[in-house]
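Down below is the structure, laid out as structure tokens.
Numbered from 1 within each chain, the chains take letters A, B, ... in sequence-line order.
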Amino acid sequence: MRTIKELLNNPVVGSHVAVQGWVRTRRDSGSLSFVEISDGSCLANLQVVAEESLANYDEDVKSLTTGCAVKVVGELVASPAKGQAVELKADQLQVIGLADADSYPLQKKRHSLEFLRTISHLRSRTNALGAVTRVRSTLNFGIHQFFQENGFFQVQTPVITTSDCEGAGEMFTVTALEPDQLKKDGAFADDFFHKRAGLTVSGQLQAEIFALSHSRVYTFGPTFRAENSNTSRHLAEFWMLEPEMAFCDLQCNMQLAEAMIKDLVGRVLEECAPDLDLFNKFISKGLLNRLETIKNKPFVHLSYTDAVKELEKADKQFEFPVKWGIDLQAEHERYLCEEVAGVPVIVTNYPKTIKPFYMRLDDGEETVAAMDILVPGIGELVGGSQREERYDLLKARMEEAGLDLEEYGWYLDLRRYGTVPHSGFGLGFERLVQLITGMQNIRDVIPFPRTPGNAPC
RNA sequence: UCCUUGGUAGCUCAGCUGGUAGAGCAGGUGGCUGUUAACCACCUUGUCGGGGGUUCGAGUCCCUCCCAAGGAGCCA
């Protein structure tokens, strides 16, 4: 049994092969029936030519409709018609599973992405969502390749955690208690972990532990936010990549992030060319050019202070006026990378008042060694920083933030014993898939999107 | 959560200033042709998102709830 991808990439005319897949469309022509089948291995379908002489032609072949599963045995021949180089001349065609045409929701026509979202169990059978699946898998593997090639170790940080990474949003509570037990004060003392636990909002703090023993590590896994966000770039469950590097300052952190993004874009351009062509044509015009730009042009670096100056002199009315000290709004971010730079922009050294406690204080003590990478169409793809490695300064900032120093004693210990400058960042994997496929809604780049009020299976 | 726009056939949509619904595609039947968004002819399909109200009469106006999309906030 061969995949359609193998057959089409390396066609051996005259070879006898067997394939299995699902019918995308069927067309009759005189004594022939053309059946296009897909097995998901690649974007292209394989055209099967079934002749009237097949024993089950009237009974089975003529009743095939979109969605039916079939096995075909036959000879790979050069195609006499335009549209495909080779086709499979069927000796046998066996129906494996029928799909009732009256009720099967997918038709041989374009469907809206909104409609496909309502049938998440079937949408991966379409061209666009099928292509997303392949690109996502390629990116996932590419991430591991990139880090392994660069001396990183993967660390599996916990999904259930009792430390909420301050500033990273609302946590889902994990409990073994019954709903009525939760009502009383101090209920979590009797809970499974004897204190309040939740689903991780970030693996960063735990990744820092391993950066300070293995120097270069990364964590990559599901992350959860119980925020009531209803946007095209937020999910309640998403995958986050978080590298953490010892002996690495903000510069080194930014270099790694940029090199990694360029490397991943390059891998997908190489390995998923047909899928990217589809996105370029039907999903996001100009995508391939934008990806080439991201891969080949250096990102623009801008300090927060310079970004504010840039925005202040902008010949444009912003809904939210710009002033040093405010957080950049989506409209500001968009202006910076879409109209000023035209490439991803790395904004650095934000005011300390708008960033979390663990970011390293800059010399003037007004800003921190933070960096956000903003990309056109999406906004913040990466958020990272050099971490505060100086015990006294970190402790002071934790106190300011109102954190329980006992709870975070282990985090302070990392600064008491062999502390070193270290840095890291978080990258939203689905946003990366959005960037690379041009898909506008984050719900279309994850197999099973979890959003407020939506978790069907 | 807030703002805006929507919810009409399986899908994508039309339906003017209120008079109980239509197209294309899909599906079915027949025909034709190495077809490829196949083509031609004929046929089927609707609690007009739910509930309430105004009116002789509501897909159309009002209220309310639900859902979706786009934008905002939160962030990755």
Side-chain angles (χ1 to χ4, degrees), chain A residues 24-36 44-52 62-63 65-67 77-84 87 89 99-119 126-127 165 167-170 200-204 220 222-242 257 282 319-320 327-334 354-356 372-375 378-384 425-435 440-446 451-454:
Chain A
R24 282 302 185 79
T25 147
R26 183 175 61 86
R27 296 174 293 272
D28 292 330
S29 182
S31 61
L32 301 172
S33 195
F34 297 95
V35 189
E36 284 198 35
N45 298 325
L46 177 67
Q47 174 163 288
V48 170
V49 180
E51 295 184 345
E52 209 171 26
K62 296 278 270 187
S63 66
T65 52
T66 304
V77 298
S79 179
K82 280 185 185 161
Q84 58 284 313
E87 60 192 24
K89 185 172 172 298
D100 174 45
D102 280 337
S103 59
Y104 188 62
L106 294 174
Q107 304 167 357
K108 51 180 184 183
K109 63 169 229 164
R110 302 263 297 269
H111 288 288
S112 68
L113 294 167
E114 289 87 342
F115 169 67
L116 294 175
R117 245 168 258 154
T118 67
I119 47 167
T126 62
N127 284 341
C165 193
E170 287 298 310
T200 183
V201 293
S202 165
Q204 178 202 317
F220 182 31
T223 309
F224 308 86
R225 303 279 165 88
E227 297 286 347
N228 191 8
S229 306
N230 290 291
T231 79
S232 57
R233 53 205 173 319
H234 290 88
L235 292 165
E237 175 180 315
F238 64 100
W239 281 62
M240 185 153 67
L241 168 69
E242 294 173 287
F282 299 115
E319 193 187 336
F320 296 90
D327 208 351
L328 297 181
Q329 304 290 318
E331 56 173 345
H332 306 141
E333 296 182 348
R334 230 180 298 123
I354 57 173
K355 288 292 182 186
D372 283 359
I373 303 184
L374 312 176
V375 296
I378 290 163
E380 190 179 339
L381 174 68
V382 164
F425 63 84
L427 173 141
F429 184 56
E430 283 73 21
R431 290 187 182 174
L432 179 67
V433 181
Q434 279 189 278
L435 178 72
Q440 297 205 327
N441 195 310
I442 201 165
R443 297 167 192 209
D444 298 327
V445 297
I446 187 168
T451 52
N454 206 327

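When Watson-Crick and G-U wobble pairs are counted only if both distances are under 3.5 Å, B/U1 pairs with B/A72. Nucleotide B/A14 forms no Watson-Crick or G-U wobble pair with any nucleotide shown, as no partner meets the under 3.5 Å limit on both distances. Pairing for B/G34 is absent, judged as Watson-Crick or G-U wobble with the two contacts each under 3.5 Å. Pairing for B/G57 is absent, judged as Watson-Crick or G-U wobble with the two contacts each under 3.5 Å. Using N1 to N3 plus N6-O4 or O6-N4 for Watson-Crick, or N1-O2 and O6-N3 for G-U wobble, each under 3.5 Å, B/A41 pairs with B/U29.
Nucleotides B/U12 and B/G50 are separated by 24 Å at their C1' atoms, to the nearest Å. Comparing the C1' positions of B/G27 and B/A9 gives an interatomic distance of 12 Å, to the nearest angstrom. Using atom P as the reference point in both B/G22 and B/C39, the two lie 25 Å apart (nearest Å).
Using a 4.0 Å cut-off, some side-chain N or O of A/Arg334 falls inside it from OP1 or OP2 of B/A72. Distances shorter than 4.0 Å separate none of the side-chain N or O atoms of A/Arg27 from OP1 or OP2 on B/U35. For the pair A/Lys108 and B/C25, the criterion of a side-chain N or O lying under 4.0 Å from OP1 or OP2 is not met.
Across all strands, A/Asp102 comes closer than 4.0 Å only to sugar-phosphate atoms, never to a base (heavy-atom distances). Counting non-hydrogen atoms under 4.0 angstrom, A/Ser112 reaches the backbone sugars and phosphates but no base. Within 4.0 Å (heavy atoms only), A/Ser232 reaches sugar-phosphate atoms of the nucleic acid but no base atom.
Checking side-chain atoms of A/Arg233 against main-chain N and O of A/Arg431 turns up no donor-acceptor pair under 3.5 Å. In this structure, A/His234 contributes its side chain and A/Asn230 its backbone to no donor-acceptor pair below 3.5 Å.
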